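This report concerns only the one structure given below.
Remember, predicted model here, so these are calculated numbers, not experimental data. Computed from heavy atoms alone, side chains included, the values below leave out hydrogens, waters and symmetry copies.
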Amino acid sequence: YYLTSVAKDRLPIFRSDNLALIACQAIDEARKSGGFFIFSYVLMLDHAHLVTDSSRASQDIHRFVNGIISKRIINYLKEAGHTESLNKLRIKEHSDGWKYSLWQHRPNTRLLWNEQMLWQRMQYTHLNPVRAGLVDHPDEWRWSSARIFHQRSTNDEPLSVDLNKIVWSKQRGAASW
């Protein structure tokens with residue numbers, strides 16, 4: 001699956017390294033509790049892309065990922081006293097007691113039918129920060145799996161990916177840039 005989640009009102013939630021790291025840790029937690037793979041990812045300032053695989057339905061993966069990220073970030077904002085940020089996330093209180101929403105409630109999912117689609121979505125994901133003008137090369141964006149994909153990972157990658165779980169039908173090397 002190719003999953004896209006957009007922040008409420010396109011707020012630049014992940015411009016802070018603290019919040020981006022919390023999101024990466026939450027994605028890892030969701031992966032472990034939900035039992036799915038992550039093949040590539042990117043956290044942009046106001047949205048996230050994940051390329052995943054699972055026997056679970058895409059909406060379940062979205063629920064795991066978005067729910068855990070939301071809970072961790074909203075708790076952080078409360079504990080750190082970031083009232084102004086919380087006010088931007090405020091929504092009409094739901095019957096279940098929710099007062100805040102981190103995400104727009106229209107997550108986007110694409111089913112990746114074949115290897116070509118998987119490859120294309122992984123490339124698209126990694127090039128996102130370049131297209132946005134945030135960096136010149138995909139490996140320069142901290143909140144992405146591009147370095148791992150290009151076999152240039154650092155010792156402090158914010159989120160590992162499951163590239164070793166992909167079985168390519170053809171020999172594919174890391175893309176050259």
Side-chain angles (χ1 to χ4, degrees), residues 1-14 19-74 89 98 101-132 134-135 138-139 141-151 153 157-175 177:
Y1 299 113
Y2 183 69
L3 310 177
T4 302
S5 296
V6 178
K8 180 182 181 286
D9 300 328
R10 293 209 74 112
L11 293 168
I13 303 284
F14 306 116
L19 294 180
L21 183 58
I22 290 168
C24 286
Q25 292 167 343
I27 292 168
D28 193 45
E29 181 182 342
R31 167 189 22 207
K32 290 173 183 170
S33 65
F36 58 88
F37 297 130
I38 298 173
F39 296 144
S40 66
Y41 79 94
V42 68
L43 279 181
M44 298 297 289
L45 301 178
D46 63 356
H47 68 282
H49 294 293
L50 292 175
V51 177
T52 72
D53 187 27
S54 177
S55 58
R56 291 184 176 274
S58 62
Q59 61 267 30
D60 290 341
I61 297 172
H62 251 130
R63 191 177 66 246
F64 273 109
V65 172
N66 288 359
I68 294 174
I69 292 175
S70 294
K71 185 173 184 172
R72 299 293 175 259
I73 288 181
I74 290 169
L89 300 175
W98 287 37
S101 180
L102 191 68
W103 304 107
Q104 291 182 6
H105 292 284
R106 294 175 299 280
N108 184 341
T109 303
R110 291 184 187 190
L111 181 60
L112 305 179
W113 291 95
N114 58 42
E115 182 177 299
Q116 180 180 359
M117 291 176 75
L118 174 64
W119 181 258
Q120 190 274 335
R121 284 291 113 182
M122 291 173 78
Q123 296 300 321
Y124 178 88
T125 297
H126 292 148
L127 286 168
N128 224 267
V130 175
R131 282 190 306 277
L134 298 169
V135 293
D139 292 358
W141 187 248
R142 171 117 176 95
W143 311 107
S144 164
S145 56
R147 286 175 308 285
I148 299 168
F149 187 76
H150 297 132
Q151 300 175 356
S153 61
E157 288 296 334
L159 179 63
S160 64
V161 292
D162 303 301
L163 290 179
N164 62 335
K165 303 296 184 188
I166 300 174
V167 179
W168 298 106
S169 62
K170 302 174 189 170
Q171 181 65 27
R172 288 202 188 262
W177 299 99

> Less than 4.5 Å apart, any side-chain heavy atom of Val51 and any of Tyr1?
Replying inline: no
> Between Tyr41 and His49, is the gap from one ring center to the other below 6.0 Å?
Replying inline: no
>> side chain to side chain contact (heavy atoms under 4.5 Å, CB included) for Phe14 and Asp46? Distances and angles first, verdict last.
In response: CA-CA 6 Å; Phe14 306 116; Asp46 63 356; over 6 Å; no
> Between Arg31 and Val161, which heavy-atom pair has the shortest distance, and what is it?
Replying inline: NH1-CA, 3.9 Å
>> Give me the atom names and distance for the closest heavy-atom approach of Ile73 to Ala23.
In response: CD1-CB, 4.3 Å
>> Between Phe149 and Trp119, is the ring centroid distance below 6.0 Å?
In response: yes
>> Please determine whether a side-chain nitrogen of the Lys or Arg among Glu29 and Arg72 lies less than 4.0 Å from a carboxylate oxygen of the Asp or Glu.
In response: yes
>> Quick one: does any side-chain atom of Asn114 pair with a main-chain N or O of Gln116 as donor and acceptor, under 3.5 Å?
In response: yes
>> For Lys32, give me all partners under salt bridge (Lys or Arg N to Asp or Glu O under 4.0 Å), at least two apart in sequence or on another chain.
In response: Asp28
> In chain order, what residues pass the side-chain contact (heavy atoms from CB on, under 4.5 Å) check against Ala30, with sequence neighbours excluded?
Replying inline: Phe36, Phe64, Val65, Ile68
>> Is there a side-chain contact between Asp53 and Leu118 in this structure, where contact means two heavy atoms from C-beta onward sitting under 4.5 Å apart?
In response: no
> Checking side chain to side chain contact (heavy atoms under 4.5 Å, CB included) for the pair Gln104/His47: CA distance, chi angles, key distance, verdict?
Replying inline: CA-CA 10 Å; Gln104 291 182 6; His47 68 282; over 6 Å; no
> Judged by modelled atom types alone, do Ser145 and His126 share a side-chain donor-acceptor pair under 3.5 Å?
Replying inline: yes
> Stepwise, does the side chain to side chain contact (heavy atoms under 4.5 Å, CB included) test hold for Leu134 with Asn128?
Replying inline: CA-CA 9 Å; Leu134 298 169; Asn128 224 267; over 6 Å; no
> So how far is it from Phe39 CZ to Lys165 NZ, rounded to the nearest 0.5 Å?
Replying inline: 9.5 Å
> Is Leu102 close to Asn66 at the side-chain level, that is, under 4.5 Å between some pair of heavy atoms?
Replying inline: no
>> Please find the pair of heavy atoms, one from Lys8 and one from Ser101, that lie closest to each other, and give the distance.
In response: CD-O, 3.2 Å
> Looking only at heavy atoms, which two atoms of Leu159 and Ile38 are closest? And how far apart?
Replying inline: CD2-CD1, 4.4 Å
>> Applying salt bridge (Lys or Arg N to Asp or Glu O under 4.0 Å), can you list everything that pairs with Arg121, at least two apart in sequence or on another chain?
In response: none
> Do you know the tightest heavy-atom contact between Pro158 and Arg147?
Replying inline: CD-NH2, 4.1 Å
>> Please find the pair of heavy atoms, one from Phe37 and one from Asp162, that lie closest to each other, and give the distance.
In response: CA-OD2, 3.3 Å
> Between Ile148 and Leu163, does a side chain to side chain contact (heavy atoms under 4.5 Å, CB included) hold up when you go through it step by step?
Replying inline: CA-CA 9 Å; Ile148 299 168; Leu163 290 179; 4.0 Å; yes
>> A side-chain contact here means heavy atoms from C-beta on lying under 4.5 Å apart; do Trp103 and Val6 qualify?
In response: no
